[in-house]
Amino acid sequence: MKVVILAGGFGTRISEESHLKPKPMIEIGGMPILWHIMKYYSSYGFNEFVICSGYKQHVIKDFFNNYFLRMTDVTFDFTNGSDRMKVHKTHTEQWKVTIADTGLNTMTGGRIKRIKKYLDDEPFLMTYGDGLSDVNIDELVKFHKEHGKLATITVVSAGQRFGVIKMSGEDQITSFREKKDVDGSPINGGFMVLDPKVLDYIEDDTTVFEKKPLEKLSKDGQLMGFKHGGFWQCMDMQRDREQLEEIWNRGEAPWKRWED
């Protein structure tokens, strides 16, 4: 099962750093938040990624182009007029990473639609490149397979900056709408499982996935919510990055399921 990560937006609300790099490349503990997300999925055995890039995509490509060398013990031998490199030990993961140019101004739905050729006929995992969680991916996938609907999104409770969800007693999402200031309802936390047929709900580059596609899926009875009561935090603003950095530096990051 492949993991699709949306990483093409401008990140205007964290412009202190996003004017230099895409938001998913802003660092937590010296590594991009995108890397943290990938490490988390990899800890569950999901190692094939499709990254939907756009704004300053070259930063993402440069990172992975140099990743092997960055994560390797190496000797450079310039003696005797030579230029030899000897690899002693590598710390890289068994990842396969496709970085797709999904356009500069493409909306979230359009980005997903554009990477259709990189997907298989089976369901795929999808999340945003700016959110961390300790959601149980194995249980999420199991939940999706058992209910048999087209889409599953992880449902969390947090500050109201995102689309609001109304659910039935059977975890089916009966409505999906944009938030209001008075809301205190569960929200979309990303960490989704989607059937490829979901792409039929997306029209073109102008489609915002969190609007018409999810609204239509909920009306069709094809959208289910996986409830997560544990850690979840997006990096929407600078203070969010600082909070995540503090958690990491304390050695208390709930999403860190791997050994150093």
Asp204 versus Thr206, side-chain donor and acceptor atoms under 3.5 Å:
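A pair is found: one side chain offers a donor N or O, the other an acceptor, under 3.5 Å apart.
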Donor-acceptor pair, Arg111 side chain versus Gly8 backbone, under 3.5 Å?
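Side chain of Arg111 to backbone of Gly8, a donor-acceptor pair under 3.5 Å: yes, one is there.
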Considering all heavy atoms, the nearest Glu122-Pro196 contact:
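Smallest interatomic distance, heavy atoms only, reads O-CG, 3.3 Å.
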Which atoms form the tightest heavy-atom contact between Arg241 and Glu27, and what is the distance?
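Residues Arg241 and Glu27, closest heavy atoms: NH1-O, 3.4 Å.
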Within-4.5 Å side-chain heavy-atom neighbours: Tyr67 and Glu93:
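Yes; the side chains approach each other to less than 4.5 Å.
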Quick one: does Val4's side chain get under 4.5 Å of Leu119's, heavy atoms only?
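With C-beta onward as the side chain, the pair touches.
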Can you get from Trp258 to Phe191 by hopping between Ile, Leu, Val, Met, Phe, Trp and Tyr side chains that sit under 4.5 Å apart?
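Yes, because Trp258 and Phe191 connect within a single hydrophobic cluster, where side-chain heavy atoms sit under 4.5 Å apart.
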Give me the ring orientation class for Phe78 and Phe76: parallel if the planes are under 30° apart, tilted from 30 to 60°, perpendicular past 60°.
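Ring orientation of Phe78 relative to Phe76: parallel.
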Identified ring-ring contact (aromatic ring centres under 6.0 Å, His included) partner of Trp255 from the options Phe231, Tyr44, Tyr40
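Only match with Trp255 under ring-ring contact (aromatic ring centres under 6.0 Å, His included): Phe231.
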What do you reckon, is NZ of Lys212 surrounded by more than 12 foreign heavy atoms closer than 6.0 Å?
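Atom NZ in Lys212 is not crowded, with 12 or fewer foreign heavy atoms closer than 6.0 Å.
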Point-to-point distance, once rounded to the nearest 0.5 Å, from [atom1] of [X] to [atom2] of [Y]:
{"X": "Lys145", "Y": "Leu140", "atom1": "NZ", "atom2": "CG", "value": "11.0 Å"}
{"X": "Ile37", "Y": "Ser133", "atom1": "CD1", "atom2": "OG", "value": "10.5 Å"}
{"X": "Asp130", "Y": "Ile14", "atom1": "CG", "atom2": "CD1", "value": "8.5 Å"}

